[in-house]
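Heavy atoms only: backbone and side chains are in, while hydrogens, waters and symmetry mates are out.
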Amino acid sequence: NLFGSADVADLLAPTVAKAKDAIWPDLFQDPEIDFSEALLSRIDLTGSVVLPNEADVMPVLRAMEETVWCPYRGRGVFDAGGSTLYYGRADKKKRAKDWAVKLYWKGREVTAHPLPRPAYDVPGLLDELNRTIRVELTLRTAELKRLGLREVGQWTPAKVREIWEAYVGK
């Protein structure tokens with residue numbers, strides 16, 4: 001999940017196509033599906049901040065824990081490992097029911113969950129990941145209902161940008 005599209009329907013169709021044999025094992029022909037009406041129970045929107053130096057990543061996250069206050073979520077709380085900063089956790093074991101933001105060091109995540117082998121051949125990729133803070137906005141069913149954005153077809157690239165700016169851009 002290093003790069004991706006802001007077009008949710010365009011992401012869903014190839015995902016279902018890859019899983020079609022497990023979903024419809026007896027079909028010889030791909031079914032015609034209108035993914036625009038599929039209902040979402042959760043959506044994760046992501047962005048990245050690439051810092052000048054790898055050594056800056058954890059100090060920036062620690063500074064955010066101390067200084068950034070998120071409306072309706074308060075101050076950030078680090079996970080037990082100290083590498084993921086959450087906004088939207090009531091305590092270290094509970095999460096908000098509707099939406100949350102988390103920030104983490106992408107390079108450390110890639111170390112724990114390696115990329116597919118061909119990714120390591122991309123020049124400069126690991127250096128950039130080691131300098132990257134990933135920001136993830138998760139909207140769950142209650143928030144999607146409140147926003148009136150449960151259907152895949154409602155999530156245009158412009159809507160993704162609008163929602164991102166409303167929750168994270170400030």
Donor-acceptor under 3.5 Å ([X] side chain, [Y] main chain):
| X | Y | answer |
| --- | --- | --- |
| Q154 | R150 | yes |
| R134 | T46 | no |
| W105 | T132 | no |
| E165 | E162 | no |
| D79 | S83 | yes |

Just list the side-chain donor-acceptor pairs under 3.5 Å for residues 34-41, sequence neighbours left out, or say none.
unit_1	atom_1	unit_2	atom_2	d
D34	OD1	S36	N	3.1
D34	OD1	S36	OG	2.6
D34	OD2	S36	OG	3.2

### Task
For residues A100 and G88, report the shortest heavy-atom separation together with the two atoms involved.
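Heavy atoms only, the tightest pair is CB-CA, 4.2 Å.
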### Task
Compare every heavy atom of W155 with every heavy atom of V8, then report the nearest pair and how far apart it is.
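Looks like CG2-CB, 3.5 Å.
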Which distance, rounded to the nearest 0.5 Å, do you find between the [atom1] of [X] and the [atom2] of [Y]?
| X | Y | atom1 | atom2 | result |
| --- | --- | --- | --- | --- |
| Y87 | M64 | OH | CE | 4.5 Å |
| D56 | R131 | CG | CZ | 10.0 Å |
| E66 | R75 | CD | CZ | 7.0 Å |
| N130 | N53 | CG | CG | 12.0 Å |
| R108 | L129 | CZ | CG | 14.0 Å |
| D121 | R117 | CG | CZ | 5.0 Å |

Quick one, [X] and [Y] - any side-chain contact, counting heavy atoms below 4.5 Å?
| X | Y | value |
| --- | --- | --- |
| Y120 | L126 | yes |
| T138 | I43 | no |
| L103 | L61 | yes |
| V101 | L85 | no |

Hydrophobic cluster identity match, [X] and [Y], side-chain contacts under 4.5 Å:
| X | Y | result |
| --- | --- | --- |
| V122 | V50 | no |
| L144 | V168 | yes |
| Y86 | V135 | no |

### Query
Which residues pass the side-chain contact (heavy atoms from CB on, under 4.5 Å) test with D7, sequence neighbours left out?
S5, A9, D10, P157
### Query
For E143, which residues count as a side-chain contact (heavy atoms from CB on, under 4.5 Å) partner, sequence neighbours excluded?
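For E143 the side-chain contact (heavy atoms from CB on, under 4.5 Å) partners, ignoring immediate neighbours, are D98, W99, L139, R146, L147, Y167.
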#### Entry: Salt-bridge contact E136-K102 (side-chain N to carboxylate O under 4.0 Å)
yes
### Task
Would you please test T111 and E109 for side chain to side chain contact (heavy atoms under 4.5 Å, CB included) and show each step?
CA-CA 5 Å; T111 301; E109 189 226 7; over 6 Å; no
### Query
Given L11 and V152, is the side chain to side chain contact (heavy atoms under 4.5 Å, CB included) satisfied, shown in steps?
CA-CA 10 Å; L11 292 170; V152 168; over 6 Å; no
